[in-house]
Amino acid sequence: MRSRTLTLLAATVGAGLVLSACGANTADSGNSGNSSQSAPAPGGAAAGGKVGVILPETATSARWESFDKPFLTKALKDAGFDADVQNAQGDVQKFTTLADGMIAQNVKVLIIAAINGEVGAAVARKAQAAGIPTIDYDRLNLGGSSDYYVSFDNEKVGQLQGQGLADALKDKKGAEVVMIEGAPTDNNATLFANGQKSVLQPKFASNDLKLVREQAIDNWDNQKGGQTFEQILTDNKGKVDGVVAANDGLAGAVITVLKKNGLNGKVPVTGQDATADGLMAILRGDQYMTVFKPIKEEAEAAAKLAVLLAKGDKAGADALATGKAKDPKGNREVKSVLLEPKLTTKDGVKEVVTQGYVKAAEICGGDLAAACTQLGIS
């Protein structure tokens, strides 16, 4: 497993990063679409200037528009900055064009949630050549030049997924496991896989579990993930006892195939992101667990770091970014804010709702009403 050094921020992170709570947890009509720019403060631009943010897409995850965008916008605005938050919609050329526009506007800081590491690194180089500090957001751009990185501890995410599956299969020696991973071009997907294997590889070696196949899915494409899993299942004569799916979208695709084969609810499936669909699958018993990442904490950390950099307070930025993330391609360690993810099974769904990331009305209708009542979700 690729080594890296992490110094995690503990409970003090949440207290230290409180800029302002966001009242809305889903994107409203004013936040929908491919791009947006917050309105300037009365009388003109915000006193602090403008911070640019480029988000990657919406096709594989609703989080970027529903959570990251409003949280980042609110936190930056409350700190006295305009937030130009735009989404590249999975288009590398559009990502580059958006970045060029923000660099031309001389934004104070550029926050980059890249489609892939190559375009993210290229954008960071352009920005820094123009004297604009950059922050890698959620995904570290390998071989890049950003001095700071804000994310969750992504290897820990994978460890939680591996542990969740191991717990679900603890009484089934020799259980056959399929691993459906994220995009090979996404460093986060590599870290998730590393974390999973740190838990599962010893179990494969001891024959407590058996690895049928591990397969990365280009572009985190859910449809391709489902097709790939179906082919693996067919090749293995319809036999599977557990599935590591790297996020809730891929988990949903896997569950669709399991349903076709009468296996849903019998085969534990992991996930990530605590999406409404993922939580509903957990309540139905079709998905065993997800990983809950409180995105507000991530967005507020990135905003606070951007504000410090915009003000030229490098010492303050260094004091905030006390973690380290290894960039093996660039042979460097990047100063980081690394937040703690949470393993969430059926009993933990209420916490996600209570914290406002998903509304009870989104997940508790129809056949799930009784489960929500039993768990006290309202």
Side-chain angles (χ1 to χ4, degrees), residues 8-9 11-28 30-32 35-38 46 48 50-58 61-88 98 102 107-114 120 133-141 146 148-154 157 188 247 272-275 291-310 316-317 320-321 323 325 335-342 352 355-358:
L8 291 175
L9 300 177
T12 53
V13 172
L17 299 180
V18 173
L19 299 179
S20 173
C22 180
N25 293 307
T26 56
D28 60 26
N31 283 335
S32 62
S35 65
S36 76
Q37 182 172 329
S38 62
K50 184 184 292 185
V51 173
V53 182
I54 312 177
L55 302 176
E57 46 87 22
T58 57
S61 178
R63 63 164 285 189
W64 303 109
E65 291 294 302
S66 295
F67 298 115
D68 297 86
K69 182 177 180 177
F71 287 151
L72 284 161
T73 300
K74 182 82 162 69
L76 288 165
K77 182 178 179 181
D78 286 352
F81 286 77
D82 280 337
D84 186 359
V85 185
Q86 305 201 39
N87 195 304
L98 290 172
M102 292 178 184
V107 294
K108 295 288 188 180
V109 179
L110 186 58
I111 298 173
I112 303 167
T134 60
I135 300 169
D136 283 353
Y137 181 72
D138 198 70
R139 301 165 175 174
L140 181 64
N141 296 307
S146 292
Y148 298 93
Y149 170 53
V150 177
S151 189
F152 288 86
D153 180 353
N154 290 309
V157 170
N188 279 8
N247 70 1
Q272 178 187 178
D273 292 330
T275 62
V291 178
F292 174 37
K293 299 184 297 186
I295 296 169
K296 184 169 78 73
E297 295 178 15
E298 184 181 21
E300 289 181 347
K304 185 168 187 178
L305 189 58
V307 168
L308 290 167
L309 292 173
L320 179 62
K335 298 170 187 175
S336 304
V337 178
L338 298 166
L339 302 162
E340 190 78 16
K342 301 178 182 180
V352 182
Q355 292 196 27
Y357 288 90
V358 174

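Position 1 is the first residue of the sequence, and the numbers go up from there.
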Just how far is it from atom [atom1] of [X] to atom [atom2] of [Y], taken to the nearest 0.5 Å?
X	Y	atom1	atom2	value
Y149	L338	OH	CG	6.5 Å
I112	L98	CD1	CG	12.0 Å
I111	L55	CD1	CG	9.0 Å
I135	Y148	CD1	OH	9.0 Å

Original post:
Can you list the steps and then say if K69 with N87 is a side-chain contact (heavy atoms from CB on, under 4.5 Å)?
Top reply: CA-CA 9 Å; K69 182 177 180 177; N87 195 304; over 6 Å; no
Original post:
D138 side chain to S151 main-chain N or O, any donor-acceptor pair under 3.5 Å?
Top reply: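 No; zero donor-acceptor contacts below 3.5 Å.
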**OP:** Report the residues that fulfil side chain to side chain donor-acceptor pair (under 3.5 Å) with S146, sequence neighbours left out, ordered by chain and then residue number.
**Re:**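 Result, side chain to side chain donor-acceptor pair (under 3.5 Å) vs S146: T134, D136.
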Subject >> Those residues that, when tested against K108, pass side chain to side chain donor-acceptor pair (under 3.5 Å) (two or more places apart) >> reply: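 K108 satisfies side chain to side chain donor-acceptor pair (under 3.5 Å) with no residue once adjacent residues are dropped.
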Considering all heavy atoms of both residues, which atom of [X] and which atom of [Y] are nearest to each other, and what is their separation?
X	Y	result
A79	V307	CB-CG2, 3.6 Å
A317	L305	CB-CD1, 3.6 Å
L72	A299	CD2-O, 3.5 Å
D153	P341	O-CG, 4.0 Å
V337	L320	CG2-O, 3.8 Å
A274	V358	O-CG2, 3.8 Å

Any [X] side-chain heavy atom under 4.5 Å of [Y] side chain:
X	Y	answer
I54	Y137	no
E300	K74	no
M102	Q86	yes
E298	D68	yes
R63	I295	yes

Original post:
What residues, two or more places apart in sequence or in another chain, satisfy ring-ring contact (aromatic ring centres under 6.0 Å, His included) together with F292?
Top reply: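 Partners of F292 by the ring-ring contact (aromatic ring centres under 6.0 Å, His included) criterion, ordered by chain and then number, come out as Y357.
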**OP:** Identify the residue among N154, N247, D273, V157 that makes a side chain to side chain contact (heavy atoms under 4.5 Å, CB included) with V291.
**Re:**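 Only one of N154, N247, D273, V157 forms a side chain to side chain contact (heavy atoms under 4.5 Å, CB included) with V291, namely V157.
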Subject >> Residues that R139 engages under salt bridge (Lys or Arg N to Asp or Glu O under 4.0 Å), provided they are two or more places apart >> reply: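 Expected list: D186.
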